[in-house]
Amino acid sequence: MRERIKNPSLIQWIEEITALCSPSKIHLCDGSEEEYNQITSQMVKAGTLVPLDAKKHPGSFWCRSHPDDVARVEENTFICSEKKEDAGPTNNWKSPAEMKKKLIELFGGCMKGRTLYVIPYCMGPLGSPSSRIGVEITDSPYVVLNMRLMTRMGDAALKQLGNGPFIPGVHSVGVPLKPGQKDVAWPCNPAVRTIAHFPETRAIWSIGSGYGGNALLGKKCFALRIASVLGRDEGWLAEHMLILGLTSPEGEKKYIAAAFPSACGKTNLAMMTPTLPGWKVECVGDDIAWMRFGKDGRLYAINPEAGYFGVAPGTSFKTNPNAMKTISRNTLFTNVALTPDKDVWWEGIGKEAPLHLTSWLGESWKLGSGKPAAHPNSRFTVSSKQCPIYDPKAEDPKGVPISAIIFGGRRSSVIPLVFESFNWQHGTFLGASVSSETTAAAKGEMGKLRHDPFAMLPFCGYNMGDYFAHWLAMGKKTDAKNLPRIYYVNWFQKNDQGEYLWPGYGENSRVLKWIFERVSGKAKAIETPIGYIPEKLDFSEIFVKDPARLFHIDRAAWIKETEELSHYFKLFGDHLPKEIHSELEALKKRLFS
Ligand code: GTP
Ligand code: SPV
Ligand code: MN
C-alpha cells in the first residue's frame, strides 16, 4: 500500500488511525470494477446483499439496514468549533478537546476483526479547480460501494491528491468482532452514534451508524458541513441544492439551482420530464451545489457528487421516469421491499404490490397489512452516468452559470405556488425564512413544521447567523445584473380534505417556464407584499381545481408567519445581520399597508 500512496501526511494519518482502531486487515480502494465485484460477492455471502433478478435489474442488489439505522441522526451530529458561538444556536456543540477525548475512547479497537478500507475520493469533476479531495477510512464495505457510486473514488482521486491537502474522515460501524465471532448482516451501534465535525482543523469522525448521510462522509459531512466553512473562508457557497439545465422550445438554455429540505423534491425536480411541450430539463446534480463567481461575474455551480442517493417511495414512471431509467441497472437499493421474483417494490412505484413481499424489516408482508413495505426513507444509490438526461456540462470543470435560485419547503398552507424576490437581499431573507414539515430523511417526528433556513438547518457547519451574512456578502461581490434571481416555491399546499392542490412533478415545468421567462425579461408579474407572483402561469391543457388558491396570499396568516420569524430570528442574537431584520420589518409594513 505504501508504494501506492505518495502523500506522506496521508500515510501518517492511515498509520495513526490503524493503530487506534486495530483492524485485522487494510485495503486501499482503487475504485475498479473488479474491486466492486469482489466486495459485492463477499457481501452477498455474508447475507448483507441480495442480488436482484439479472434480467429485471442487472448488476443490482437489495440491502436492509438495522431497523434503528434508517436515516440521519441530527441529535447525534455535532459541530466541534473552539467557541460554542461559532457553531451557533442551530447546531449541537461540543468542545474539540472534549469530543476528541470521547472519540479516542469510542474508536479504540473499534475495527477489531474487520477490514479497514481507505477510500480516496474527489468531490467535484476530476481536474476542476473547484474540486476537493477527501479520504474516508471506514470498516463498512457498504460504505465503499456507495462511495464508488456517489463519488470519483480510488486511484484517480489518489492521483489528483498527489502531495496536496485532503479532508480526513474516519468512520466505523462501532462493532468490533471478537476472534471467531460471526458478524451480523448490518452491524451498527445506536448507543454510541456520534457524527462529529471539526471545522477549524477540518476533520470528520463518525461512529455507530452505517446509513447514508451518517456514514458516506463525502456527502453531508464534507460537501456541506465542512465545505460551508471552506466557502465562508474562501468566498464561495456550499449549498443543499439541485442543479438543472432548462431548455426552451426556442433552444435557449439556462441553469437553475434549487434548495429544498430533505425529501422535499430535489431529485424529482432535477430529473423532471416537463409536461409542457418543447421544454427540456437536464440534470447536473440532485442534492449539493458548490458555487463561486466566474471571471465574467456570473455565479457558476458544480455538483461535487457523481451519483444519486435518492428517496425510493413515490418514484415511478409517472412521477420521475428519468430516475426509473437511471435505476434500471447497477443500483444498490436500501430498505425497499423485495418481491418473490427478486424485484424491488415500494409505495408509489406505480404498480400494485404482488400478494406477498419481503418488507424492509425482512418480514413477510401482505397487501392491507397497514404498515409500509418499504421504509419511507428507503433509498437507491446509483451513478449519475446512468441518468438519461445527464447534462452535457455536468462534468465541466468550470461549472454551469446559474440564472435563478429557488428556495422551497413542504408547506400545506400559507406559501403560494411560486413568488419572486425583489432583489438579492430580499432573496437572502427568503432563504433565511424557509420552514418545512419534517420528513423521514432524519430520525424524529414526521410532518412537524420547523424552520429550515436555506434547507441547511442540519448541514451548516458554522453559525447560521454568520451564514446569512455570508450570503449577503456574496451578493456584493458582483454587479447586481449578474446575480441569479431568487424565487420561493411550494409544491405541497393542501385543500381542506388534505389533498395536494397542485399536481407537482412534471407539472412543475409550468413554474420553471415562468421563472425562465422572468429571467429573460419576458414574463409579467404582479407585485404583492411578499414578492412578485405570476400575472399568468401557463395552465394550458391542465385542470387545476382552484388556481386562485395556489396564489392566494392570506394576510392574517402571513402576519402570523412574520411574528413567528421575529421570534425565531432572536435566536441568532448579534449574529443576525441587520439586513435580515430590516427585510422582516419591511415585509411586516407591506402586509399592514
Ligand atoms: P433528499 O435526497 O432527502 O435530499 O430529498 P429530495 O429533496 O431529493 O426529495 P425527492 O425528490 O426525493 O422527493 C421526496 C418525496 O417527495 C418523494 O416521495 C417524492 O415523490 C415527493 N415529491 C417530489 N416532488 C413532488 C411534487 O412536486 N409534488 C408532490 N406532491 N410530491 C413530490
Ligand atoms: C438528505 O437527508 O438530505 C439526504 C439523504 O440527501 S442523506 O444522505 O442521508 O443525508
Ligand atoms: Mn439531501
Side-chain angles (χ1 to χ4, degrees), residues 65 69-74 77 143 146-147 150 195 206 209-225 239-244 258-273 275 283 285-289 305 307-316 318-320 322-324 327 334-335 346-350 372 374-381 406-412 417-418 436-444 446 452 455-459 489-494 498-512:
S65 79
D69 197 21
V70 295
R72 284 183 295 100
V73 282
E74 294 177 2
T77 303
V143 165
N146 278 273
M147 289 296 283
M150 298 289 301
I195 297 129
S206 166
S209 167
Y211 194 86
N214 303 329
L216 314 176
L217 302 187
K219 196 172 175 59
K220 299 298 160 74
C221 300
F222 177 1
L224 288 177
R225 297 193 191 98
E239 301 298 328
H240 192 204
M241 288 182 183
L242 68 93
I243 310 160
L244 65 83
F260 309 150
S262 301
C264 289
K266 288 182 300 302
T267 303
N268 278 270
L269 191 66
M271 293 186 192
M272 176 227 274
T273 305
T275 51
C283 179
D286 80 325
D287 199 51
I288 300 178
E305 301 190 279
Y308 314 113
F309 184 62
V311 176
T315 309
S316 70
K318 196 158 162 251
T319 57
N320 193 350
N322 290 315
M324 292 300 277
I327 61 180
T334 307
N335 289 340
W346 49 77
E347 281 69 22
I349 197 173
H375 187 277
N377 192 40
S378 52
R379 300 252 169 185
F380 51 77
T381 320
I406 305 176
F407 295 112
R410 197 179 273 271
R411 293 291 303 268
S412 53
L417 183 63
V418 56
S436 190
E437 288 144 24
T438 51
T439 65
K443 188 170 175 264
M446 262 171 80
D452 191 347
M456 283 288 279
L457 177 72
F459 308 123
V489 304
N490 177 21
W491 314 142
F492 300 97
Q493 284 183 88
K494 287 184 176 167
E499 300 155 340
Y500 288 118
L501 284 177
W502 177 245
Y505 302 105
E507 301 295 1
N508 295 332
S509 58
R510 297 168 194 274
V511 172
L512 294 186

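Ligands are counted one by one from 1 in listed order, and the atoms in each one are counted from 1 as well.
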Practice problem: Starting from atom 4 (C) of ligand 2, locate the nearest protein heavy atom and write down its residue, its atom name and how far away it is, to 0.1 Å. | Solution: Lys220 NZ, 2.9 Å
Quiz item: Among all protein non-hydrogen atoms, which one is nearest to atom 6 (P) of ligand 1, and what is the separation to 0.1 Å?
Solution: Lys266 N, 3.3 Å
Quiz item: Which of the atoms of ligand 1 are close to Tyr505, meaning less than 4.0 Å from one of its heavy atoms?
Solution: 19 (C), 20 (O), 21 (C), 22 (N), 23 (C), 24 (N), 25 (C), 26 (C), 27 (O), 28 (N), 29 (C), 31 (N), 32 (C)
Quiz item: In ligand 2, which numbered atoms sit nearer than 4.0 Å to a non-hydrogen atom of Phe459?
Solution: 3 (O)
Self-check item: Exam field: side chain Glu437 to backbone Ser412, donor-acceptor pair closer than 3.5 Å
Solution: yes
Self-check item: Main-chain N/O of Ala312 paired to Trp346 side chain as donor or acceptor, under 3.5 Å
Solution: yes
Self-check item: Sub-4.0 Å heavy-atom approach of Glu507 to ligand 1
Solution: no
Quiz item: Which is it for Asn320 and ligand 1 at heavy atoms under 4.0 Å: side chain, backbone, both or neither?
Solution: neither
Quiz item: Side chains of Val73 and Tyr211: closer than 4.5 Å at any heavy-atom pair?
Solution: no
Quiz item: So, does Lys266 sit close enough to ligand 2 that a heavy atom of it is under 4.0 Å from the ligand?
Solution: no
Self-check item: Side chain proximity check, Arg379 to Asn335, heavy atoms < 4.5 angstrom
Solution: no
Quiz item: For ligand 1, which atoms have a heavy atom of Asp287 less than 4.0 angstrom away?
Solution: 4 (O)
Quiz item: Any idea which atoms of ligand 2 are less than 4.0 Å away from a heavy-atom of Asp287?
Solution: 6 (O)
Quiz prompt | Numbered atoms of ligand 2 (with element) below 4.0 Å of His240, judged on heavy atoms | solution = 3 (O)
Exercise. Find, among atoms of Asp287 that are N, O or S, the one nearest to the Mn ion (ligand 3), and state its name.
Key: OD1
Exercise. Report yes if some heavy atom in the side chain of Arg510 is under 4.5 Å from a heavy atom in the side chain of Trp502; otherwise report no.
Key: yes
Quiz prompt | For the student: nearest non-hydrogen atoms of Gly409 and Pro261, plus distance | solution = CA-CD, 4.0 Å
Practice problem: For ligand 2, note which part of Asn214 has a heavy atom under 4.0 Å away: side chain, backbone, both or neither. | Solution: neither
Practice problem: Please determine, by modelled atom types, if Thr77 and Arg225 share a side-chain donor-acceptor pair under 3.5 angstrom. | Solution: no
Quiz item: Among Val311, Thr319, Asn377, Asn268, which one has a heavy atom closest to atom 11 (O) of ligand 1?
Solution: Asn268
Quiz prompt | Phe459 six-ring face occupied by Lys220 cation (under 6.0 Å, within 45°) | solution = yes
Quiz item: For ligand 1, which part of Phe492 has a heavy atom less than 4.0 Å away: the side chain, the backbone, both, or neither?
Solution: side chain
Practice problem: Start with the C-alpha distance between Thr315 and Asn320, add both sets of side-chain angles, then the distance that settles side chain to side chain donor-acceptor pair (under 3.5 Å), and finish with yes or no. | Solution: CA-CA 6 Å; Thr315 309; Asn320 193 350; 5.7 Å; no
Self-check item: Any N/O pair Gly265/ligand 1 closer than 3.5 Å
Solution: yes
Practice problem: State, yes or no, whether a side-chain contact exists between Phe260 and Ile406 at a heavy-atom distance under 4.5 Å. | Solution: yes
Exercise. Look at Lys220 and state whether any of its N, O or S atoms is less than 2.8 Å from the Mn ion (ligand 3).
Key: yes
Self-check item: Side-chain donor or acceptor of Asp286 paired with backbone N/O of Ala270 under 3.5 Å
Solution: no
Quiz item: Side chain, backbone, both or neither: which part of Ser262 has a heavy atom under 4.0 Å from ligand 1?
Solution: both
Exercise. Check each of Pro313, Ala441, Ala263, Pro261 against atom 17 (C) of ligand 1 and report the one with the nearest heavy atom.
Key: Pro313
Quiz item: Just heavy atoms, cut-off under 4.0 Å: does Tyr308 contact ligand 2 by side chain, backbone, both, or neither?
Solution: neither
Quiz item: So, do Cys283 and Leu242 sit near enough that their side-chain heavy atoms are less than 4.5 Å apart?
Solution: no
Quiz prompt | ligand 2 to Lys219 polar contact by distance, N or O atoms, under 3.5 Å | solution = no
Quiz item: Which of the listed options, Ala441, Gly213, Pro458, Ala71, holds the heavy atom that is closest to atom 9 (O) of ligand 2?
Solution: Gly213
Quiz item: What are the atoms of ligand 2, with element, lying closer than 4.0 Å to any heavy atom of Arg379?
Solution: 4 (C), 5 (C), 6 (O)
Self-check item: Heavy-atom side-chain proximity of Asp287 to His240 below 4.5 angstrom
Solution: yes
Self-check item: 4.0 Å heavy-atom contact, Tyr211 with ligand 2
Solution: no
Quiz item: Do Trp491 and Leu417 have side-chain heavy atoms sitting under 4.5 Å apart?
Solution: yes
Practice problem: State the atoms of ligand 2, each with its element, that fall below the 4.0 Å cut-off from a heavy-atom position in Ser262. | Solution: 1 (C), 2 (O), 3 (O)
Self-check item: Residue pair Tyr505 / Asn268, side-chain heavy-atom distance below 4.5 Å
Solution: yes
Quiz item: Just which atoms of ligand 1 are under 4.0 Å from any heavy atom in Trp491?
Solution: 26 (C), 27 (O)
Self-check item: ligand 1-proximal atoms of Gln493, by part, heavy-atom distance under 4.0 Å
Solution: neither
Quiz item: What atoms of ligand 1 come within less than 4.0 Å of a heavy atom belonging to Arg410?
Solution: 15 (C), 16 (O)
Quiz prompt | Contact check: Asn508 vs ligand 1, nitrogen or oxygen atoms, below 3.5 angstrom | solution = yes
Quiz item: Do the side-chain N and O atoms of Asn214 and Ser206 include a donor-acceptor pair separated by under 3.5 angstrom?
Solution: no
Quiz item: What's the shortest distance from atom 10 (O) of ligand 2 to any protein heavy atom, and which residue and atom give it?
Solution: Arg72 CD, 3.0 Å
Quiz item: Is it the side chain (CB and beyond), the backbone, both or neither of Arg379 that lies under 4.0 Å from ligand 1, heavy atoms counted?
Solution: side chain
